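Step one of this worksheet: look at the structure below.
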Amino acid sequence: MVFSLPFSLPALGQHTLKPAAGGFEYKGVIGLSLSIVISFTVGGILYGFGRRNKERLFRKEAMAVVGLSWVLATFLGALPYWLSGTSRGPAIRVLESDQPSLVLNRDWRFWIEWTPLPSLNEDQKAVLQAIFDSGAVGLTSNELVRLTRLENAVELAESIKHVGPQWDRNLLLPDEEDTGDRRTKNYRVRWVSMNLVDSLFESQSGFSTTGATVISDLEDPYLVPHCILFWRSSTHFLGGLGIIVLFVAVLGQGSAGKALMRAEMPGPTQEGSTERMQRTAWRFAGIYCVLTVVLAMILIGCGMNLFDALCHSFGTMATGGFSTYNASLGAFAQTLGGGRGAAIEYVVTIFMMVAGTNFTLLYLVAILQPFKLAKDIEWRTYLFLIFIFSTLVIAFGLSMGDFLNFSEAFRFGLFQVVSIITTTGFGTHDFDQWNNFGRGALLLLMFVGGCAGSTGGGLKVIRHVLFMKILLLETERAYHPSVVRLLKFEGKSVEGQDLRRNILVYFGLIFFIFALSWLALITLESESTWGASHEHKLVDSASAVAATLNNIGPGLGTVGPTKNYGHFGELSKLLFVWLMMLGRLEIFPVLVLCIPGFWRNT
């Protein structure tokens, strides 16, 4: 949080593609400063309680520490959004011309419903649409007349205020509410500030490197200050290797550090000595930081400023996907031109693939043993999946007319396949508009993930490799029950420590949680969330659960790459928070917190 404060200054807090914003971001500074004070206070209290405790930390306690630390980090990380008054999105939704507009309503059950507003005539709808499309800035009188081509557009805007009390509350006329900038003189729609649940969602999405968001406009510093945007991307950096791994690397906790790291690191882990675990944490942290800095320097060379380069480096190496633009990385191609935009996309594609690679293999490459990278079956499978899915997406996309030419198909197809399999979630093309095969392929990739020991989420490639081997062995046992074959990986037996059972249990748990959460979401969420497209509720809900459980971010339909999660109800957002944490910590450190027997002294 402290490192985010300098980006409240106009000299540092600037978008590459936007005009220079004027003024000191006092709202962001106040929110961050209060959050820093609260965080230090909470940390001091916990340190006071724990400093005299010299008992050994075992696996059970380590799992509790990891799970509770992520819960605490989520709450503390949410404070800057909440205390700064960061805006989430408009209070109304304007649907197709034949559908009534909707207004956000909350009740005591944490239930959000988008209820229909009183109907408007055709001219009033045209005026409202123009105001709504202008975002939070709004339109001047002259702009409103010019865009709608209605001489009485101003009178029509004022008449909407008299249609009903909800219109009067959510449509703002010039000088009705002072914002301290030019939008005070404009016709505009009221925007909603992030509440605590919104802030928890954004915080957990950052720490879990999911990259899902509830914020509709990232480019307006009045709505989201640059220093808050930098904090938002910083949560990716912190969550990339995990708060506890950084804790072990910096402080060292002996056998406790070993237990903490086993509970924190994604993917099946090997046992090791305490010193080896701490050295591994140091190496991973060093590689992670070096790659982040290298990527930031390359992005600056491609045309980004320091602010955008750091934010996108954090999102890439953490496989998180938070951007500083509404169009994600696609904004650079739209503004800088195809050449520089494509260069940025290809650079990020390469670094996403690196971030999805086991960091142990990256260390071996760093000490000049690259042949071990090529020998690793998980990494070869990872590259094979990228090649196969990219080829199929490109081929079907070209045949279905999703892309204009092969160059565009290769660029966008490869980028989105890598972005999804590594669970980064950056977007350069609206894949929700692709053909059904392309959309389905990306949905399947959400359940694959990167390599074990990487910053990627998902089930991990190594689990899929071992799962297929287990299926083949069990299939053979069905017709040769007397044959005993060991489960082998890279020519070595890996039957020890109940690995076969653990793989099957993990797959079973993932799909059980997916199915249960999907049913919960379609039950909790009102059909008004989908407006006129409520027939897509089942598929959209499934993709939203898959995208949060596997730490992807964007899904399909109402949570597609050009949309966000802001229109969901509070209970649904809390469900997503839980799913993101489950996916990042690989279920058990979070799930055990919900089991009463875990808290008993045995």
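None of the values given here were measured: they were computed from a predicted structure. Just so it is clear, the values below take in all heavy atoms, side chains as well, and ignore hydrogens, waters and symmetry mates.
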L591 vs W578, side chain to side chain contact (heavy atoms under 4.5 Å, CB included): CA-CA, chis, key distance, verdict: CA-CA 10 Å; L591 204 58; W578 184 67; 4.2 Å; yes

Residues H236, F322; criterion ring pair (Phe, Tyr, Trp, His ring centres under 6.0 Å); working and verdict: CA-CA 8 Å; H236 273 346; F322 274 158; 4.3 Å; yes

Stepwise salt bridge (Lys or Arg N to Asp or Glu O under 4.0 Å) check, E586 with K460: CA-CA 10 Å; E586 304 213 325; K460 304 295 184 298; 3.1 Å; yes

Side chain to side chain contact (heavy atoms under 4.5 Å, CB included) between V448 and L459, worked out: CA-CA 5 Å; V448 177; L459 276 77; over 6 Å; no

Worked verdict on W434 versus F403 for ring pair (Phe, Tyr, Trp, His ring centres under 6.0 Å): CA-CA 9 Å; W434 289 1; F403 309 112; 5.4 Å; yes

Residues C289, F237; criterion side chain to side chain contact (heavy atoms under 4.5 Å, CB included); working and verdict: CA-CA 9 Å; C289 292; F237 180 78; 3.9 Å; yes

Salt bridge (Lys or Arg N to Asp or Glu O under 4.0 Å) assessment of E474 paired with K469: CA-CA 9 Å; E474 293 301 321; K469 287 178 176 288; over 6 Å; no

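Annotation: the span from L200 atom CG to M194 atom CE amounts to 9.0 Å, rounded to 0.5 Å. One finds the CE atom of M581 at 8.0 Å from the OG atom of S208 (value rounded to the nearest 0.5 Å). The distance from atom CG of D402 to atom CD1 of I394, rounded to the nearest 0.5 Å, is 12.0 Å. Distance OG1/T292 to CD1/I287: 11.5 Å, rounded to 0.5 Å. Distance check: H429 NE2 to S419 OG gives 14.0 Å after rounding to the nearest 0.5 Å. Atom CZ of R283 sits about 3.5 Å away from atom OH of Y363, to the nearest 0.5 Å.
Taking both residues in full, the closest heavy atoms of L295 and M317 are given as CD2-CG, 4.4 Å, listed atom of the first, atom of the second, then distance. Scanning both residues, N326 and S216, for their nearest heavy atoms gives OD1-O, 3.6 Å. Nearest heavy atom pair, residue L445 against residue I420, reads CB-CG2, 3.8 Å. Contact detail for L579 and S517: the closest heavy-atom pair is CD2-OG, 3.3 Å. Considering every non-hydrogen atom in both I215 and N564, the closest pair reads O-ND2, 3.8 Å. Smallest separation of non-hydrogen atoms from E525 and K537: O-NZ, 2.7 Å.
Side-chain contact of S323 with H312: a donor-acceptor pair under 3.5 Å is present, judged by distance alone. No side-chain donor-acceptor contact under 3.5 Å links D376 and N358. No side-chain N or O of H567 forms a donor-acceptor pair with one of W530 less than 3.5 Å apart. A donor-acceptor contact under 3.5 angstrom links the side chains of T213 and E202, judged on distance only.
By the 6.0 Å and 45° rule, R463 stacks over the aromatic ring of Y506.
N550 contributes no side-chain N or O that, together with a main-chain N or O of I552, makes up a donor-acceptor pair within less than 3.5 Å. A donor-acceptor pair is defined here as one N or O able to donate and one able to accept, closer than 3.5 Å; no such pair exists between the side chain of S203 and the backbone of S199. Distance alone, capped at 3.5 Å, places no donor-acceptor pair between the K563 side chain and the P561 backbone. Between the side chain of S543 and the main chain of L556, a donor-acceptor pair closer than 3.5 Å is present. Remark: side-chain polar atoms of Y565 are not paired, donor with acceptor, to backbone N or O of T558 under 3.5 angstrom. No donor-acceptor pair under 3.5 Å is formed between the side chain of S572 and the backbone N or O of L521. Side-chain N or O atoms of K372 include none that pairs as donor or acceptor with a backbone N or O of V365 at under 3.5 Å. The backbone N or O of I377 lies less than 3.5 Å from a partner atom in the side chain of T381, making a donor-acceptor pair. The backbone N or O of T455 sits less than 3.5 Å from a side-chain atom of T319, completing a donor-acceptor pair. Although no hydrogens or angles enter the test, the distance criterion places a donor-acceptor pair under 3.5 Å between the side chain of Q416 and the main chain of T428.
When each of I350, T349, T424, V348 is tested with V418 by the rule side chain to side chain contact (heavy atoms under 4.5 Å, CB included), just one qualifies, namely T349. For the side chain to side chain contact (heavy atoms under 4.5 Å, CB included) with W379, the qualifying choice from L361, V461, I462 is L361, the only one to do so. Just one residue in the list F507, F384, F447, Y382 forms a ring pair (Phe, Tyr, Trp, His ring centres under 6.0 Å) with H464, and that residue is F507.
Classified by interplanar angle (parallel below 30°, tilted 30° to 60°, perpendicular above 60°), the ring pair F514/F511 is perpendicular.
Pairs passing the salt bridge (charged side-chain N to carboxylate O under 4.0 Å, His left out) check and including a residue from residues 424-437, sequence neighbours excluded, read D432-R439.
Using a cut-off of 4.0 Å between Lys/Arg side-chain N and Asp/Glu carboxylate O, E408 and R411 are scored as not salt-bridged.
Heavy-atom contacts from other residues, nucleotides or ligands closer than 6.0 Å to OH of Y346 number more than 12. Within a 6.0 Å radius of CZ in F75, no more than 12 heavy atoms belonging to other residues, nucleotides or ligands are found.
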